[in-house]
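Here, residue 1 is the first one in the sequence, and each next residue gets the next number.
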Amino acid sequence: MTDFQKYIQRYLDQIPSGDWFAELKISEDKTVGIYSNLTEEQSKFAYAEGKWTLKGLLLHLSDTERVFQYRILAFARGDKNNLPGFDENEYADQSFASERSLESLLDEYKLVRKSSQILIETMNPKALQNIGTANGHEISVETIAKLIIGHNYHHLNIIEERYLSKLGWM
């Protein structure tokens with residue numbers, strides 16, 4: 001298994017069931033449930049120096065999902081270009097998440113997720129098997145869709161283990 005395959009697999013292993021499309025909604029509900037119960041002050045919490053705040057993490061989920069959506073769309077439509085990678089820390093540094101309200105970040109997350117659901121559910125099932133190249137690695141449309149979910153669950157686990165426990169929620 002290549003390093004890239006190991007990297008991908010660590011996210012795919014986060015998906016709790018084989019019904020990955022249902023998990024798209026379940027992971028959204030869990031994320032919205034947590035963030036809907038945070039105060040504006042709690043959303044500014046970072047569990048350690050140099051780590052993202054809960055606000056920053058939420059915007060990271062939306063940003064990453066948008067990148068994955070573009071890859072899904074491009075590869076489903078047969079684009080053969082090597083799509084660029086992205087530096088999540090650069091994106092976070094330029095996001096200005098701290099200047100936005102928790103409510104606006106949560107609204108954005110829900111809209112981005114709804115967009116993913118529509119994109120995936122209205123796609124011809126054959127397109128899920130299309131292969132494209134992103135950041136120099138071949139990957140299928142279906143795998144990218146699953147990465148949206150696995151990436152979300154990965155961060156839900158971090159939120160529970162490193163943020164909520166320190167906020168006294170766990």
Side-chain angles (χ1 to χ4, degrees), residues 7-47 51-76 83 86 88-89 91-92 95-125 127-130 134 139-167 169-170:
Y7 177 80
I8 297 298
Q9 195 60 49
R10 77 175 221 193
Y11 288 114
L12 299 180
D13 288 345
Q14 298 291 315
I15 304 171
S17 79
D19 187 354
W20 62 268
F21 190 75
E23 293 293 346
L24 192 63
K25 181 66 176 147
I26 294 166
S27 62
E28 175 191 11
D29 291 345
K30 289 181 178 189
T31 304
V32 170
I34 289 169
Y35 277 91
S36 294
N37 287 299
L38 291 174
T39 65
E40 188 69 34
E41 192 60 34
Q42 289 170 324
S43 73
K44 298 174 186 175
F45 175 74
Y47 68 88
K51 296 298 180 181
W52 295 336
T53 65
L54 284 162
K55 277 184 173 183
L57 200 153
L58 184 59
L59 189 52
H60 165 71
L61 289 173
S62 294
D63 284 351
T64 302
E65 191 157 335
R66 279 192 169 112
V67 170
F68 289 163
Q69 284 177 353
Y70 175 66
R71 292 174 180 176
I72 288 169
L73 177 65
F75 300 156
L83 301 183
F86 75 105
E88 64 187 28
N89 291 310
Y91 275 49
S95 73
F96 303 100
S98 63
E99 297 176 15
R100 294 181 52 192
S101 71
L102 175 59
E103 181 181 8
S104 79
L105 292 167
L106 192 53
D107 286 345
E108 179 177 355
Y109 171 84
K110 290 187 277 191
L111 288 168
V112 169
R113 180 53 56 94
K114 183 65 175 173
S115 178
S116 291
Q117 291 169 332
I118 292 168
L119 176 64
I120 295 165
E121 74 186 8
T122 60
M123 187 173 293
N124 183 305
L128 289 171
Q129 302 315 309
N130 285 6
I139 191 166
S140 74
V141 170
E142 183 175 332
T143 299
I144 299 168
K146 290 177 180 178
L147 284 175
I148 290 172
I149 303 154
H151 178 257
N152 198 145
Y153 275 117
H154 166 75
H155 283 293
L156 281 170
N157 289 334
I158 290 173
I159 289 168
E160 289 176 3
E161 293 168 8
R162 300 179 191 168
Y163 289 83
L164 300 185
S165 61
K166 292 189 179 182
L167 287 171
W169 279 32
M170 306 303 282

*Donor on one side chain, acceptor on other, D63 and S95, under 3.5 Å*: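 No, no side-chain donor-acceptor pair sits under 3.5 Å.
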*For S62 and E108, test the side chains for any donor-to-acceptor distance below 3.5 angstrom and give the result as yes or no.*
no
Does any non-hydrogen side-chain atom of [Y] lie less than 4.5 Å from one of [X]?
X    : Y    : value
E88  : H60  : yes
K146 : Y11  : no
H154 : R10  : yes
Y163 : L57  : yes
M123 : V141 : yes
I120 : W20  : yes
K110 : R113 : no
E23  : P16  : yes

How long is the span from the [atom1] atom in [X] to the [atom2] atom in [Y], to the nearest 0.5 Å?
X    : Y    : atom1 : atom2 : value
L105 : K55  : CG    : NZ    : 6.5 Å
N152 : N157 : CG    : CG    : 10.0 Å
W52  : F45  : CH2   : CZ    : 16.0 Å
I34  : D29  : CD1   : CG    : 11.5 Å
Q9   : D13  : CD    : CG    : 4.5 Å
F75  : N130 : CZ    : CG    : 10.0 Å

Distance-only, no hydrogens or angles: does the [X] side chain make a donor-acceptor pair with backbone N or O of [Y] under 3.5 Å?
X    : Y    : answer
Q69  : V112 : yes
Q14  : I149 : no
Y35  : L54  : yes
S165 : E161 : yes
T64  : L61  : no

*Does the ring centre of F86 sit less than 6.0 Å away from the ring centre of Y91?*
yes
Nearest heavy-atom neighbours spanning [X] and [Y]:
X   : Y    : value
S27 : L156 : O-CD1, 4.0 Å
E40 : S43  : O-OG, 2.6 Å
G56 : A97  : CA-CB, 3.8 Å

*Determine, stepwise, if the pair T31 / L106 fulfils side chain to side chain contact (heavy atoms under 4.5 Å, CB included).*
CA-CA 9 Å; T31 304; L106 192 53; 5.6 Å; no
Counting only heavy atoms not in [X] (residues, nucleotides, ligands), do more than 12 fall under 6.0 Å from its [atom1]?
X    : atom1 : answer
E41  : CD    : no
E103 : CD    : no
F21  : CZ    : yes

*Could you walk me through whether R71 and I139 pass the side chain to side chain contact (heavy atoms under 4.5 Å, CB included) test, one step at a time?*
CA-CA 10 Å; R71 292 174 180 176; I139 191 166; over 6 Å; no
*Report the C-alpha distance between R162 and K51 in whole Å, list the side-chain angles of each, state the deciding distance to 0.1 Å, and finish with yes or no for side chain to side chain contact (heavy atoms under 4.5 Å, CB included).*
CA-CA 11 Å; R162 300 179 191 168; K51 296 298 180 181; 5.7 Å; no
_Using side chain to side chain contact (heavy atoms under 4.5 Å, CB included), reason through H151 and L147 one step at a time and then give a plain yes or no._
CA-CA 6 Å; H151 178 257; L147 284 175; 5.5 Å; no
